[in-house]
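A quick note: this is a predicted structure, and the numbers were derived from the prediction, not measured. Position 1 is the first residue of the sequence; numbering continues from there.
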Amino acid sequence: MDESYIIKPRRWDIKLIGVFMIYTGPISSIYDFLTFFLMLGVFHALESLFHTGWFVESLATQALVLFVIRTGVILCAAAQAGRCW
């Protein structure tokens, strides 16, 4: 959990959640279609490999979504180079 939420809890912003759902829904569907294409078209996956690939892709996207929800940070936008000593 982000330290700013531990110091002072905040209320959920319902409008922000709605906007988040509107954007992440179609993006998730695009990732699903890309996974289908890769598994069937490129790898010619049989049923067990297809299920495994889709499961791994789903876990990865859900972990990313939970990270964004809990921290309020988008990884690429918040990344800053560290100082080199």
Chemist: Is it the case that one hydrophobic cluster holds both F37 and L40, taking links as side-chain heavy atoms less than 4.5 Å apart, direct or via other members?
Modeler: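 F37 clusters together with L40.
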Chemist: When rounded to the nearest 0.5 angstrom, what distance separates CH2 in W12 from CD1 in I17?
Modeler: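 Atom-to-atom, W12:CH2 and I17:CD1 are 5.0 Å apart.
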Chemist: Indicate the atoms forming the closest heavy-atom contact of E57 with D32, along with that distance.
Modeler: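 Smallest interatomic distance, heavy atoms only, reads OE1-OD1, 3.2 Å.
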Chemist: Around atom CG of L59, are there more than 12 heavy atoms from other residues, nucleotides or ligands closer than 6.0 Å?
Modeler: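 Check passes, neighbour count above 12.
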Chemist: Answer with yes or no whether the hydrophobic clustering places I27 together with I22; edges join I, L, V, M, F, W, Y residues whose side-chain heavy atoms lie under 4.5 Å apart.
Modeler: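 Hydrophobic grouping puts I27 apart from I22.
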Chemist: I need the minimum non-hydrogen distance between T35 and W54, along with the two atoms involved.
Modeler: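 T35 and W54 have their closest heavy atoms at CG2-CA, 4.1 Å.
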Chemist: Mind checking whether F33 and L38 sit in one hydrophobic cluster, side chains of I, L, V, M, F, W, Y counted as touching below 4.5 Å?
Modeler: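 F33 clusters together with L38.
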Chemist: Report whether F36 and L49 are members of the same hydrophobic cluster (ILVMFWY, side-chain heavy atoms less than 4.5 Å apart, transitive linking).
Modeler: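 Yes, F36 and L49 fall within the same hydrophobic cluster.
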Chemist: Using a 6.0 Å cut-off, check whether atom CZ of F20 has over 12 heavy atoms from anything other than its own residue.
Modeler: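 Enclosed: over 12 neighbouring heavy atoms sit under 6.0 Å from CZ of F20.
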Chemist: To the nearest 0.5 Å, tell me how far M39 CE sits from T52 OG1.
Modeler: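 Answer rounded to 0.5 Å: 7.5 Å.
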Chemist: So which atom in P26 and which in M21 form the shortest heavy-atom distance, rounded to 0.1 Å?
Modeler: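 Smallest heavy-atom distance, with atoms named: CD-O, 4.3 Å.
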